[in-house]
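Notes follow the structure.
Everything quoted here is computed from the prediction, not taken from an experiment. Computed from heavy atoms alone, side chains included, the values below leave out hydrogens, waters and symmetry copies. Counting convention: from 1, in listed order, for ligands and their atoms alike. We count residues from 1, following the sequence as given.
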Amino acid sequence: MTTVIDGKALAEEIITSVKHQTDKLKAATGITPGIAVIIVGEDPASQVYVNSKSKKALECGFHSVQHNLPEQTDEAELLALLDNLNNDPEIHGILVQLPLPKHIDEGRVIQTISPDKDVDGFHFINVGKLGTGETESAFVPCTPAGAMIMIERQCGKDLSGLNAVVVGRSNIVGKPMFNLLLAANATVTVAHSRTKNLPELARNADILVAAVGRPQMINADWIKPGAVVIDVGINRIPAPEKGENKTKLVGDVDYEQAFEVASAITPVPGGVGPMTIAMLMANTLTSAARIAGAPKPQF
Ligand code: GUN
């Protein structure tokens, strides 16, 4: 029987824990975790993501501010805002939604965020900590952190002897996912668009993580029987079966096919997606606790 990994339920479990630990932090230290979320431009999908991040923060009992900046905002203005937020004692987590408009240097923006408030885990300091196994003090990027909790629930915390294949080498998902799996003792391969014999390589995987952004690219032929399949992709495709001009969300994995072969699989939607926001809340609480000198929250 294939297990469908319920990301919504797991994310709710984490959010409940965040709320509980936030109450405890407030009672013990008087500190309310604070998050600032910044979006530049009007991309509708990004607006939806950012609004749900801000809303979830309020639900967790956080202080939550959102900066909606126009598309034409110049880089200096954004950097000045980050400087203010870096120095604002009420803010413990800063997130700049990516991608940014082309005229803004994304790298410079990310490196301007204080590594102590970098709840996205994109700053060189946090990337370096994760890469050198300092997972306790690093901020880990939210999507791979969420995917890792799902993997731990299926396979345990120690992945010794297991082969993991990550398809995709992005800074946001593929590379941090590699580091997390390696830190958990898995034998990890990162495959990408230039990799030869992708399906054959993927068939070695006891744990297969798909993060390529290509709708339903991974079919049954790529999956080892009994593998745990984590689908990070969120792709919108036409759905004529639902009516004219209708669309639907699908992952990078062909879910129906993979379901027949895998031992456990994340659906899209309702899999890794909700975990990303939950881990952002977890990281923000962790940051506030750290700044308050309180013990590290556990999830
Ligand atoms: N855009 C897509 N995913 C992410 C994310 O995890 N963080 C930020 N800041 N932007 C994103």
For L58, side chain to side chain contact (heavy atoms under 4.5 Å, CB included) partners two or more places apart =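 With neighbours one apart ignored, the set is S64.
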Output block, N or O contacts of ligand 1, threshold 3.5 Å exclusive:
{"unit_1": "ligand 1", "atom_1": "1 (N)", "unit_2": "Q97", "atom_2": "NE2", "d": "3.3"}
{"unit_1": "ligand 1", "atom_1": "1 (N)", "unit_2": "L98", "atom_2": "O", "d": "2.9"}
{"unit_1": "ligand 1", "atom_1": "7 (N)", "unit_2": "D120", "atom_2": "OD1", "d": "3.0"}
{"unit_1": "ligand 1", "atom_1": "7 (N)", "unit_2": "D120", "atom_2": "OD2", "d": "3.3"}
{"unit_1": "ligand 1", "atom_1": "9 (N)", "unit_2": "V96", "atom_2": "O", "d": "2.8"}
{"unit_1": "ligand 1", "atom_1": "9 (N)", "unit_2": "D120", "atom_2": "OD2", "d": "2.6"}
{"unit_1": "ligand 1", "atom_1": "10 (N)", "unit_2": "L98", "atom_2": "N", "d": "3.0"}

Original post:
Does NZ or CZ of R290 come closer than 6.0 Å to the centre of the six-membered ring of F139, within 45° of the ring's axis?
Top reply: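 Yes, R290 and F139 form such a contact.
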Check your understanding: More than 12 heavy atoms of other residues, nucleotides or ligands under 6.0 Å from NZ of K26: is that the case?
Key ->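 More than 12 heavy atoms, drawn from other residues, nucleotides or ligands, come within 6.0 Å of this atom.
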- Query: Hydrophobic cluster mates of F259, side-chain heavy atoms under 4.5 angstrom, ILVMFWY only, any path?
  - Reply: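 Once heavy-atom contacts under 4.5 Å are chained together, F259 belongs with V4, V165, V167, L198, L208, V212, M217, I218, W222, I223, V229, V253, Y255, V261, I265.
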(Q) With side chain to side chain donor-acceptor pair (under 3.5 Å) as the rule and sequence neighbours excluded, what pairs involving residues 138-167 come up? (A)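 Found E13-R153, T143-T276, E152-K157, D158-S160, D158-N185.
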N126: which of D118, D116, N283 passes side-chain hydrogen bond (donor to acceptor under 3.5 Å, both in side chains) =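 Exactly one candidate clears the test, D118.
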